[in-house]
Trainee: 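Below you will find the structure I want to go over with you.
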Amino acid sequence: MTDSIALVRGTLDILVLKTLTWSPMHGFEITSWLERESGGRLDVEDSALYQALRRLEDRGLVNAEWGVTENNRKARYYRISTAGRAHLRAETSQWVRYAETVTGILTSSARA
């Protein structure tokens with residue numbers, strides 16, 4: 001990807017939680033969804049994704065169970081938990097405030 005955007009530390013966790021609000025997914029589906037929704041601008045590394053999923057599972061924000069993919073392969077499917085939904089709401093609110101603040105600073109006119 002020539003115009004890919006690096007993920008800011010900690011951002012992948014919240015993006016994974018948002019992805020899982022649509023339906024339970026396995027790792028490849030999560031990566032594909034994020035890349036599709038970002039118009040190809042986010043490049044999600046496999047190792048980073050699986051580290052994020054492990055963190056989220058350890059914190060009780062996602063649950064995982066083994067299943068079979070459409071291609072008849074065994075895969076872990078992840079589902080957002082109730083705690084994960086609450087965490088996503090809180091983090092989304094904080095992210096929006098942060099983005100608005102930084103955008104306001106970066107787009108303000110220079111003062112004389």
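Note that the structure is predicted; figures quoted are calculated from it, not measured.
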Trainee: For L49 versus G27, what's the shortest heavy-atom pair and its separation?
Mentor: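 Of all heavy-atom pairs spanning L49 and G27, the closest is CD2-O, 3.3 Å.
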Trainee: Using the ring pair (Phe, Tyr, Trp, His ring centres under 6.0 Å) criterion, which residues pair with H26? Sequence neighbours excluded.
Mentor: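 H26: ring pair (Phe, Tyr, Trp, His ring centres under 6.0 Å) contacts with Y77.
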Trainee: Using a strict cut-off of less than 4.0 Å between a Lys/Arg side-chain nitrogen and an Asp/Glu carboxylate oxygen, indicate whether E57 and R76 qualify as a salt bridge.
Mentor: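 Answer for the salt bridge query: yes.
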Trainee: Taking everything shown except R73 itself, do over 12 heavy atoms lie less than 6.0 Å from its CZ?
Mentor: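 No, not enclosed.
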Trainee: Distance-only, no hydrogens or angles: does the T31 side chain make a donor-acceptor pair with backbone N or O of F28 under 3.5 Å?
Mentor: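 No: the side chain of T31 does not pair with the backbone of F28.
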Trainee: Do W33 and M25 come within less than 4.5 Å of each other through their side chains, counting heavy atoms only?
Mentor: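 Yes, close enough: below the 4.5 Å cut-off.
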Trainee: Is there side-chain contact between I80 and L61, with at least one heavy-atom pair below 4.5 Å?
Mentor: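 No. Closest side-chain heavy atoms not under 4.5 Å.
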Trainee: If two hydrophobic side chains count as joined below 4.5 Å and joins carry through other members, does L15 share a cluster with V96?
Mentor: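 Shared cluster, no.
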Trainee: Between the side chains of R97 and S93, does any donor sit under 3.5 Å from an acceptor?
Mentor: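 S93 and R97 do have a side-chain donor-acceptor pair below 3.5 Å.
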Trainee: For the atom pair CZ (R79) and OG (S23), what is the distance rounded to the nearest 0.5 Å?
Mentor: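 Rounded to the nearest 0.5 Å, the CZ-OG separation comes out at 9.0 Å.
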Trainee: Given side chains that start at C-beta, do those of H87 and L17 come closer than 4.5 Å, heavy atoms only?
Mentor: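 Touching, per the 4.5 Å side-chain cut-off.
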Trainee: Roughly how far, to the nearest 0.5 Å, is CZ of R41 from CG of L34?
Mentor: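 Between L34 CG and R41 CZ, I get 12.5 Å after rounding to 0.5 Å.
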Trainee: Should we say atom CZ of R54 is surrounded by more than 12 heavy atoms from elsewhere, each under 6.0 Å from it?
Mentor: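 Count not over threshold, so no.
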Trainee: I need the I14 CD1 to R89 CZ distance, nearest 0.5 Å.
Mentor: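 One finds 12.0 Å between CD1 of I14 and CZ of R89.
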Trainee: Main chain of G60, side chain of S81: is a donor-acceptor contact present, judged purely on distance under 3.5 Å?
Mentor: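 A pair under 3.5 Å: yes.
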Trainee: Do the side chains of E37 and K18 get nearer than 4.5 Å, heavy atoms only?
Mentor: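 No, every pair of side-chain atoms sits at 4.5 Å or beyond.
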Trainee: Determine yes or no for a side-chain-to-main-chain donor-acceptor pair under 3.5 angstrom, with R85 supplying the side chain and T82 the backbone.
Mentor: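 It does not hold such a pair.
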Trainee: Side-chain contact test, heavy atoms from C-beta onward, threshold under 4.5 Å: evaluate it for I30 versus V44 and give yes or no.
Mentor: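 Contact flag for I30/V44 side chains = no.
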Trainee: Give me each pair satisfying side-chain hydrogen bond (donor to acceptor under 3.5 Å, both in side chains) with a member in residues 99-109, each pair once, sequence neighbours excluded.
Mentor: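 Listed once each, the pairs would be none.
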Trainee: When you group the ILVMFWY residues by side-chain heavy-atom contacts below 4.5 Å and let the links chain together, are L106 and W95 in the same group?
Mentor: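 Result: yes, single cluster for both.
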Trainee: Among all residues two or more places apart in sequence or in another chain, which pass the side-chain hydrogen bond (donor to acceptor under 3.5 Å, both in side chains) test with D13?
Mentor: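 So D13 forms a side-chain hydrogen bond (donor to acceptor under 3.5 Å, both in side chains) with R55.
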Trainee: So, do K74 and V68 sit near enough that their side-chain heavy atoms are less than 4.5 Å apart?
Mentor: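 A side-chain contact is absent here, since even the closest heavy-atom pair is not under 4.5 Å.
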Trainee: Take D43 and E35 through the test side chain to side chain contact (heavy atoms under 4.5 Å, CB included) and record every step on the way to the result.
Mentor: CA-CA 7 Å; D43 184 17; E35 290 176 352; 3.9 Å; yes
